[in-house]
> 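So that we are looking at the same thing, I have put the structure below in structure tokens.
Start at 1 and go down the list; that is how both ligands and their atoms are numbered. The first residue of the sequence shown is numbered 1, and numbering continues consecutively from there. This is a predicted model, so every value here is computed, not measured.
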Amino acid sequence: MTAQIIDGKAFAATVREKVASHVTRLKEENGITPGLAVVLVGEDPASQVYVRSKGKMTVEVGMSSFEHKLDADVSEAELFALIDKLNADPAVHGILCQFPVPDHLDERAIVARIDPAKDVDGLSVTNAGRLAAGQAALISCTPLGSLMLLRDRLGSLSGLNAVVVGRSNLVGKPMAQLLLGDSCTVTIAHSRTKDLPDVVRRADIVVAAVGRPEMVRGEWIKEGATVIDVGINRIDAPERGEGKTRLVGDVHFQSAAAVAGAITPVPGGVGPMTIACLLANTITACCRANGLEEPEGLTV
Ligand code: NDP
């Protein structure tokens with residue numbers, strides 16, 4: 001079998017179109033422009049690229065983008081004062097602080113400072129708890145995007161065996177909650193899991209969120225399974241020339257694609273869905289803040 005490639009780039013474009021058309025409606029019918037504030041502390045080059053690209057896409061869908069760049073040695077009190085200001089600003093519907101932050105700042109405390117109603121990264125204890133309790137939440141963007149891809153590919157997920165490899169608060173745990181919410185039978189695997197290949201082999205749906213290049217092999221995959229590769233790893237690619245690198249996922253694409261029914265590529269799979277879902281979450285937060293009906297298909 002050769003797997004169907006799940007085109008996350010194309011799907012993300014349709015999500016952004018949906019967001020853009022809803023932004024137009026909110027402006028025309030309600031006089032509201034959804035706004036996303038991004039806080040960047042320090043000058044980490046990768047973070048700067050992410051923040052620029054988030055800002056660009058925010059503007060492209062017609063939302064307001066507020067970028068706040070703070071010096072690497074900013075105090076916690078100064079950062080919290082900014083977050084408090086954004087929490088109180090009615091033009092700001094979503095707030096995210098780009099991680100990692102310098103060591104003297106505590107990521108958990110930062111997340112806790114953000115109003116859960118504006119926590120578009122879905123990282124707060126309140127939103128994680130709401131998701132676990134089956135209540136309306138703002139959901140971590142990468143798992144939300146992964147679920148959208150799965151629903152698009154498979155329709156109903158009910159009764160399927162799903163294995164999530166990785167148990168981070170950012171990806172693994174919310175992913176497992178979402179799959180459970182869609183009535184999958186869910187296994188969460190991690191670094192202490194015994195006989196991981198055997199566990200993965202039972203899965204109709206495999207979500208790999210490990211951070212280890214090409215760890216999940218084709219021999220681990222059940223024939224016809226749907227594979228969502230969340231991993232983004234940069235590895236050396238001497239075949240492309242000296243000093244060159246390339247991106248790979250947590251799944252060994254070639255061997256897995258020979259067995260799976262469908263698989264996300266890296267790049268071009270889950271990655272583009274993450275920013276699209278950040279925009280979707282900002283719309284959701286904006287509609288909830290204003291007591292307006294939420295658009296279909298942008299959250300669960
Ligand atoms: P974390 O490092 O926070 O979590 C990794 C998880 O993988 C942990 O639960 C860990 O287990 C588990 N793990 C590590 N080694 C093994 C192993 N040998 N066998 C089984 N499980 C293992 O990573 P994240 O969840 O933040 O990210 C995972 C991947 O997804 C990374 O490649 C990251 O770059 C990527 N990512 C991609 C995004 C996107 O937009 N596509 C967004 C966010 C992340 P334990 O808990 O036992 O240590």
Side-chain angles (χ1 to χ4, degrees), residues 5-13 15-16 38 44-47 49-54 57 96-101 107-108 111 120-123 128 131 138-150 162-179 186-203 206-217 219-221 227-235 245-253 256 263-281:
I5 306 300
I6 300 174
D7 187 346
K9 201 171 161 195
F11 196 87
V15 173
R16 288 199 308 274
V38 179
D44 178 64
S47 294
V49 172
Y50 289 138
V51 166
R52 241 195 327 269
S53 131
K54 283 169 186 171
M57 293 213 184
L96 85 81
C97 183
Q98 185 69 43
F99 291 152
V101 287
E107 292 188 354
R108 265 199 235 180
V111 168
V120 280
D121 253 347
L123 289 174
L131 174 63
L138 288 169
I139 298 162
S140 180
C141 303
T142 302
L144 178 59
S146 301
L147 186 79
M148 286 181 185
L149 293 177
L150 282 167
V163 173
V164 180
V165 192
R167 57 175 164 179
S168 69
N169 290 331
L170 180 65
V171 187
K173 284 182 201 157
M175 188 74 239
Q177 291 292 353
L178 288 171
L179 291 164
V186 183
T187 304
I188 307 175
H190 44 78
S191 66
R192 308 293 171 89
T193 297
K194 288 187 181 143
D195 202 353
L196 185 59
D198 195 48
V199 172
V200 172
R201 215 169 278 125
R202 282 181 250 143
V206 181
V207 180
V210 189
R212 296 193 182 273
E214 301 180 321
M215 188 189 82
V216 176
R217 316 295 298 182
E219 310 86 84
W220 303 12
I221 307 286
V227 179
I228 302 291
D229 189 353
V230 175
I232 302 179
N233 309 286
R234 190 165 283 286
I235 61 166
T245 59
R246 66 188 173 99
L247 290 180
V248 295
D250 291 341
V251 177
H252 186 263
F253 183 81
I263 185 167
T264 57
V266 177
V270 174
M273 290 299 290
T274 298
I275 294 191
C277 285
L278 176 67
L279 303 174
N281 276 349

> Find all atoms of ligand 1 within a distance of less than 4.0 Å from any non-hydrogen atom belonging to T274, and give their numbers and elements.
39 (C), 40 (O)
> Looking at every heavy atom in both G145 and M273, which two are closest together, and how far apart are they?
O-CE, 3.6 Å
> Side-chain contact test, heavy atoms from C-beta onward, threshold under 4.5 Å: evaluate it for T142 versus C277 and give yes or no.
no
> For atom 20 (C) of ligand 1, which protein heavy atom lies nearest, and how many Å away is it?
H190 O, 3.2 Å
> I'd like to know if the side chain of D250 reaches the main chain of D229, judged simply by a donor and an acceptor atom lying under 3.5 Å from each other, with no hydrogens or angles considered.
no
> Write out the residue and atom name of the closest protein heavy atom to atom 13 (N) of ligand 1, then the distance separating them to 0.1 Å.
V210 CG1, 3.4 Å
> Do you know which two heavy atoms are closest between N233 and G249, and how far apart they sit?
ND2-O, 3.0 Å
> My understanding is that we take every heavy atom of each candidate and find the minimum distance to atom 44 (C) of ligand 1. Doing that for V199, D250, V171, which one comes out nearest?
V171
> Can you tell which of I5, V227, V248, T264 makes a side-chain contact (heavy atoms from CB on, under 4.5 Å) with F253?
I5
> Side chain, backbone, both or neither: which part of M273 comes within less than 4.0 Å of ligand 1 when only heavy atoms are counted?
neither
> Judged by atom type as modelled, is there a donor-acceptor pair below 3.5 Å linking the side chain of R167 to the main-chain atoms of V164?
no
> Using heavy atoms and a 4.0 Å limit, tell me yes or no: is A189 in contact with ligand 1?
no
> With a 4.0 Å cut-off on heavy atoms, does M215 reach ligand 1?
yes
> Among all the protein's non-hydrogen atoms, which is closest to atom 31 (C) of ligand 1, and how far away is it?
G211 CA, 3.5 Å
> Polar-atom distance check: R167 versus ligand 1, any N or O pair below 3.5 Å?
yes
> When rounded to the nearest 0.5 angstrom, what is the spacing between CD1 in I139 and CG in L147?
8.0 Å
> Which of the atoms in ligand 1, numbered in the order shown and given with their element, are less than 4.0 Å from a heavy-atom of V270?
41 (N)
> With a sphere of 6.0 Å drawn around CZ of R108, does it hold more than 12 non-hydrogen atoms of other residues, nucleotides or ligands?
no
> Please work out which of C141, G8, G166, S191 has its closest non-hydrogen atom nearest to atom 48 (O) of ligand 1.
S191
> Looking only at protein heavy atoms, which one is nearest to atom 25 (O) of ligand 1, and what is the separation?
S168 OG, 2.5 Å
> Is the closest N or O pair between V230 and ligand 1 shorter than 3.5 Å?
yes
> Please list, in number order, the atoms of ligand 1 under 4.0 Å from a heavy atom of N233.
32 (O)
> Within the structure, is a non-hydrogen atom of G172 found at a distance of less than 4.0 Å from ligand 1?
no
> If you measure every N/O of I232 against every N/O of ligand 1, is any gap under 3.5 Å?
yes
> Nearest protein heavy-atom contact for atom 42 (C) of ligand 1: which residue, which atom, what distance?
T142 OG1, 3.2 Å
> Is the count of non-hydrogen atoms from other residues, nucleotides or ligands lying under 6.0 Å from Y50 atom OH greater than 12?
no
> Tell me whether S140 contacts the main-chain N or O of V171 through its side chain, where contact means a donor paired with an acceptor under 3.5 Å.
no
> If you compare all heavy atoms of I263 against all heavy atoms of V251, which two are closest, and at what distance to 0.1 Å?
CD1-CG1, 4.2 Å
> Tell me the protein heavy atom at minimum distance from atom 15 (N) of ligand 1, and give that distance in Å.
R212 NE, 2.7 Å
